[in-house]
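Computed from heavy atoms alone, side chains included, the values below leave out hydrogens, waters and symmetry copies. What you see is a predicted model, and the numbers here were worked out from it, not measured in a lab.
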Number of protein chains: 2
Amino acid sequence: MTTQPTDADTEEKTDAEQKNSDLCNVVGAVEEIGTEWKLITLHNLRDGEKRFNELKRATGASSYTLSRVLDDLEAEGFVDNRKELESPVASYYTLTEKGAGLCPVFEALDDWGANWLE
Amino acid sequence: MTTQPTDADTEEKTDAEQKNSDLCNVVGAVEEIGTEWKLITLHNLRDGEKRFNELKRATGASSYTLSRVLDDLEAEGFVDNRKELESPVASYYTLTEKGAGLCPVFEALDDWGANWLE
DNA sequence: CGGCATCCTTGGAGATACTG
DNA sequence: CAGTATCTCCAAGGATGCCG
């Protein structure tokens with residue numbers, strides 16, 4: 001019964017992912033945060049509110065990619081978005097509590113990097 | 001001097017990645033660890049030595065993928081590999097100090113997941 | 001300024017089959 | 001058992017252009 005692809009396949013996750021995220025929330029967390037762009041973007045928001053093109057420059061992502069990443073992050077509750085529709089529109093992004101909750105993770109990564117990166 | 005693709009382009013990183021990893025080691029760490037499979041595999045090795053097919057079952061990765069992931073991790077110094085060439089060959093993987101150094105990161109992720117997942 | 005729409009390229013990863 | 005080889009597919013992401 002290793003690879004029974006039951007039609008209860010309503011999730012878009014593979015069964016492997018499902019199995020993993022069931023096991024512990026480390027894996028669940030990794031899967032929710034997922035891509036490098038998400039991490040990098042979240043990390044860039046640590047020091048407070050940023051606007052779209054700031055993030056674009058800071059991360060180096062294309063506007064297309066950044067837009068999609070921010071959409072994802074907002075949908076998942078990691079960031080908040082505040083828009084000013086005045087003359088030149090402005091769009092500000094901040095971390096939610098959920099997003100800010102990742103700071104310890106960043107600190108742990110920072111420590112690790114200090115010891116092991118080059 | 002934003003996008004001078006100097007022929008000192010011996011790295012395989014894009015300049016965006018380069019810029020990011022220069023900024024801080026959080027991003028550097030994220031880029032080195034990279035894919036979800038690497039994280040999941042490393043995390044599976046926390047509780048000690050595992051062999052190839054154990055990891056294969058535990059992670060759900062295909063042998064092809066797992067093999068490549070382990071190669072990467074070994075090349076980057078995250079895991080050690082010990083082979084026993086007896087009758088049925090056996091191959092054991094363990095975390096190096098560098099790999100084990102990620103445990104605080106896993107703990108931070110675990111904490112975060114406990115608060116924010118599901 | 002922010003951000004979609006479109007096109008296109010890449011490689012990450014599954015499935016399968018084969019070897020020492 | 002522990003991989004390697006091959007084929008294939010799909011999603012992530014860059015480039016560009018346009019629009020409110």
Side-chain angles (χ1 to χ4, degrees), chain A residues 2-5 9 11-20 30-41 44-45 49-75 79-94, chain B residues 2-3 5 12-20 30-41 45 49-75 79-94:
Chain A
T2 36
T3 39
Q4 264 257 338
D9 195 6
E11 301 281 352
E12 76 286 348
K13 290 170 178 292
T14 69
D15 49 347
E17 285 175 334
Q18 194 58 50
K19 196 174 72 181
N20 282 316
V30 169
E31 277 165 5
E32 177 156 357
I33 307 169
T35 89
E36 299 180 18
W37 281 125
K38 283 192 192 174
L39 255 307
I40 293 174
T41 305
N44 262 284
L45 284 172
E49 193 174 63
K50 292 261 180 69
R51 47 200 302 184
F52 189 85
N53 277 341
E54 272 185 285
L55 285 171
K56 184 158 140 57
R57 275 186 298 273
T59 61
S62 68
S63 57
Y64 169 78
T65 300
L66 181 59
S67 181
R68 308 218 50 229
V69 167
L70 287 170
D71 283 353
D72 281 7
L73 290 176
E74 193 179 356
V79 303
D80 274 337
N81 177 242
R82 175 173 68 84
K83 288 182 194 296
E84 289 177 2
L85 299 171
E86 327 293 295
S87 40
V89 281
S91 191
Y92 296 90
Y93 295 90
T94 48
Chain B
T2 35
T3 38
E12 76 286 348
K13 290 170 179 294
T14 70
D15 49 347
E17 286 176 333
Q18 194 57 51
K19 196 173 71 180
N20 282 317
V30 169
E31 277 165 5
E32 176 155 358
I33 307 167
T35 91
E36 298 180 19
W37 281 125
K38 283 192 191 174
L39 255 307
I40 293 175
T41 306
L45 284 171
E49 192 174 63
K50 291 261 179 68
R51 48 201 301 183
F52 189 85
N53 277 342
E54 272 185 283
L55 285 172
K56 184 158 140 56
R57 275 186 297 272
T59 61
S62 67
S63 56
Y64 169 78
T65 300
L66 181 59
S67 180
R68 308 219 51 227
V69 167
L70 287 170
D71 283 353
D72 281 7
L73 289 176
E74 193 178 356
V79 304
D80 273 336
N81 177 243
R82 176 173 67 84
K83 290 183 193 295
E84 288 177 4
L85 299 172
E86 327 294 294
S87 41
V89 279
S91 191
Y92 296 90
Y93 294 89
T94 48

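Taking side-chain N and O atoms only, A:Ser62 has a distance below 4.0 Å to OP1 or OP2 of D:dG14. For B:Trp37 and C:dA13, the shortest distance from a side-chain N or O to OP1 or OP2 is below 4.0 Å.
Atom CD of B:Glu74 and atom C1' of D:dA2 are 13 Å apart (whole Å). Nucleotide D:dA11 holds its C1' atom 12 Å from the CG atom of A:Asp72, rounded to whole Å. Distance CD (A:Glu84) to C1' (D:dG20): 17 Å, rounded to an integer number of Å. Whole-Å rounding puts the B:Leu66 CG to C:dA15 C1' distance at 16 Å. Rounded to whole angstrom, the span from the CD atom of B:Glu31 across to the P atom of C:dG11 amounts to 16 Å. For the pair A:Glu36 CD and C:dG11 P, the computed distance is 14 Å after rounding to whole Å.
Atom OG of B:Ser67 sits about 11.5 Å away from atom CG of B:Leu55, to the nearest 0.5 Å. Note: A:Glu49 CD to A:Asp80 CG = 10.0 Å, rounded to the nearest 0.5 Å. The CZ atom of B:Arg51 sits 7.5 Å away from atom CD of B:Glu84, with the distance rounded to the nearest 0.5 Å. Between the CD1 atom of B:Ile33 and the NZ atom of B:Lys38 there is a distance of 8.5 Å, given to the nearest 0.5 Å.
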Using a cutoff of under 3.5 Å, can you pull out all pairs of nitrogen or oxygen atoms linking the protein to nucleotides 1-7 of chain C, with atom names and distances?
| residue | atom | partner | partner atom | Å |
| --- | --- | --- | --- | --- |
| C:dC1 | O3' | A:Arg51 | NH2 | 3.3 |
| C:dC1 | O3' | A:Val89 | O | 3.4 |
| C:dG2 | OP1 | A:Arg51 | NE | 3.0 |
| C:dG2 | OP1 | A:Arg51 | NH2 | 3.4 |
| C:dG2 | OP2 | A:Asn53 | N | 3.0 |
| C:dG2 | OP2 | A:Asn53 | ND2 | 2.9 |
| C:dG3 | OP1 | A:Lys83 | NZ | 2.4 |
| C:dG3 | OP1 | A:Ser91 | OG | 3.2 |
| C:dG3 | OP1 | A:Tyr93 | OH | 3.3 |
| C:dG3 | OP2 | A:Tyr93 | OH | 2.9 |
| C:dC4 | OP2 | A:Ser67 | OG | 2.8 |
| C:dC4 | OP2 | A:Asp71 | OD2 | 3.4 |
| C:dC4 | N4 | A:Ser63 | OG | 3.4 |

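Contact annotation: the side chain of A:Glu54 never approaches that of A:Asn44 to less than 4.5 Å [non-hydrogen atoms, C-beta and beyond].
Every residue two or more places apart in sequence or in another chain that forms a side-chain hydrogen bond (donor to acceptor under 3.5 Å, both in side chains) with A:Ser62 is listed here: A:Thr65.
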